Amino acid sequence: MSESSASPSSSGAPASEAAAPDAPDALVIVPTYNEAENIGQVIDLVMTQPGPLSMLVVDDNSPDATAEIVRASMDEYPGRVHLLERAGKLGLGTAYLRGFRYALARDFRYICEMDADLSHDPSDLPRLIAPVEAGEADLTIGSRYVDGVRVINWPLMRLVLSYGAGVYTRAITRMPIRDVTAGFKCFHRRVLESMDLDRVNSNGYAFQVEMHYRTWRAGFRIQEVPVIFTERTEGQSKMSRRIVREAAWKVWELRVRDLVGQL
Ligand SMILES: Nc1nc2c(ncn2[C@@H]2O[C@H](COP(=O)(O)OP(=O)(O)O)[C@@H](O)[C@H]2O)c(=O)[nH]1
Ligand SMILES: [Mg+2]
């Protein structure tokens, strides 16, 4: 694995609320696999949000040379775009875990997750970060399922699967979250610092469910922020039956582990 970045800080010290005014604040982590058609636009959109925001792309040696496009953007936005390259496709969950460790080793206070396919609108980032910054929430989730359903261009089956995953997960876990598999969110660093990231071992949608469950069970405050999710127009989804099966099992595993005190 190689790390190429111009880090704004590498002290690794936990940031306090009274951090220096020029301390880097928010890092948006974006995992990529074959997102060459999308990543340039995503970076430009994130870079133009108020903040200013920094961004970390975790790329799994995409055959379509996504990383080359990221490197070009690193020159365009010096010090604000970071890239971690892994040797091969290792899954979304481990990509985020790698990104969380990267963020925690630096001074980022607000650590966001976002997809690279423009399903998540970068202009929603300030609305996700604001409640965490204001101390009103420890985790905000960009939710498709509060105040109705906000999904554009999904086949009915995908919507049923995603919405059904919420009904199923809530029934088993009692976790009060509408969009259990959402991948657009913002953590305060204290949530990730308090978590034993080595224990998080799921990789697809299950990863999102597991992060929500651990955050909720640890007593952190979670707020769902309504967002519109638009299915990608470029590139391919990496969803698979295996990812859906993993999530279905994972919910039971989390519940049982929790019941026996082994979460
Ligand atoms: N680094 C990395 N990123 C991945 C992997 N699988 C998916 N992604 C990224 O995760 C995000 C969501 O994946 P996507 O295929 O759009 O899933 P969908 O939205 O559920 O159809 C996108 O940015 C993908 O490029 C992986 O194995 N490694
Ligand atoms: Mg997608």
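Whatever order the structure lists them in is the order used to number ligands and atoms, beginning at 1. Note that the structure is predicted; figures quoted are calculated from it, not measured.
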Quick check on contacts: which atoms of ligand 1 are under 4.0 angstrom from a heavy atom of [X]?
| X | value |
| --- | --- |
| A95 | 1 (N) |
| A116 | 22 (C), 23 (O) |
| D115 | 11 (C), 12 (C), 19 (O), 23 (O) |
| Y205 | 18 (P), 20 (O) |
| D117 | 16 (O), 19 (O) |
| T32 | 1 (N), 2 (C), 3 (N), 25 (O) |

Which protein non-hydrogen atom lies closest to [atom], naming both residue and atom, and how far is it?
| atom | result |
| --- | --- |
| atom 18 (P) of ligand 1 | R158 NH2, 3.6 Å |
| atom 22 (C) of ligand 1 | E35 OE2, 3.4 Å |
| atom 4 (C) of ligand 1 | Y33 CB, 4.0 Å |
| atom 6 (N) of ligand 1 | K89 NZ, 3.6 Å |
| atom 28 (N) of ligand 1 | D60 OD2, 2.7 Å |
| atom 21 (O) of ligand 1 | S237 OG, 2.5 Å |
| atom 9 (C) of ligand 1 | P31 O, 3.4 Å |
| atom 10 (O) of ligand 1 | L92 CD1, 3.1 Å |

(request) Assess S119 for proximity to ligand 1: is some non-hydrogen atom of it under 4.0 Å away? (result)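 No heavy atom of S119 comes that close to ligand 1.
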(message) Please determine whether any non-hydrogen atom of H120 lies less than 4.0 Å from an atom of ligand 1.
(response)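 Contact check H120 vs ligand 1: negative.
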(message) Using a 6.0 Å cut-off, check whether atom CD of E76 has over 12 heavy atoms from anything other than its own residue.
(response)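 More than 12 within 6.0 Å, yes.
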(request) Would you indicate whether E136, at its atom CD, is surrounded by more than 12 heavy atoms from other residues, nucleotides or ligands within a distance under 6.0 Å? (result)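 Counting other residues, nucleotides and ligands, CD of E136 exceeds 12 neighbours.
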(request) Using a 4.0 Å heavy-atom cut-off, say whether K238 meets ligand 1 through its side chain, its backbone, both or neither. (result)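 For K238, backbone and side-chain atoms both sit under 4.0 Å from ligand 1.
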(request) Classify the contact between V58 and ligand 1 as side chain, backbone, both or neither, using a heavy-atom distance cut-off of under 4.0 Å. (result)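 The part of V58 near ligand 1 is the backbone, not the side chain.
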Could you tell me whether [X] and [Y] have a side-chain N and a carboxylate O separated by less than 4.0 Å?
| X | Y | result |
| --- | --- | --- |
| E113 | K185 | yes |
| R257 | E253 | yes |
| R232 | E35 | yes |
| D60 | K89 | no |
| E210 | R214 | yes |
| D138 | R190 | yes |

(request) Ignoring angles and geometry beyond distance, decide whether E231 reaches within less than 3.5 Å of ligand 1 through its nitrogen or oxygen atoms. (result)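 N/O-N/O distance under 3.5 Å: no.
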(message) Between ligand 1 and G91, is the shortest N or O to N or O distance under 3.5 Å?
(response)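 Between G91 and ligand 1 (N or O atoms, distance only) the closest approach is under 3.5 Å.
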(request) From the options L84, I111, V57, select the one residue that forms a side chain to side chain contact (heavy atoms under 4.5 Å, CB included) with I29. (result)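 Only match with I29 under side chain to side chain contact (heavy atoms under 4.5 Å, CB included): I111.
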(message) Could you check whether R98 makes a cation-pi contact with F100, meaning its NZ or CZ is under 6.0 Å from the centre of the six-membered ring and within 45° of the ring axis?
(response)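 The answer is no, since R98 fails at least one limit relative to F100.
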(message) Taking the cut-offs as 6.0 angstrom to the six-membered ring centre and 45 degrees off its axis, would you call R178 and Y145 a cation-pi pair?
(response)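 Ring-cation test returns no.
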(message) Pair R221, T215 - check side-chain hydrogen bond (donor to acceptor under 3.5 Å, both in side chains), show working.
(response) CA-CA 8 Å; R221 295 156 307 158; T215 302; over 6 Å; no
(message) I'd like the atom name of the N/O/S atom in D117 lying closest to the Mg ion (ligand 2).
(response)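 When I compare the N, O and S atoms of D117, OD2 is nearest to the Mg ion (ligand 2).
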(request) Would you please indicate if the ring centroids of F187 and F220 are separated by under 6.0 Å? (result)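 Between F220 and F187, which both carry aromatic rings, the centre distance is not below 6.0 Å.
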(message) If you take the nearest heavy atom of each of M114, R232, M239, which one is closest to atom 14 (P) of ligand 1?
(response)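 Heavy atom nearest to atom 14 (P) of ligand 1 belongs to R232.
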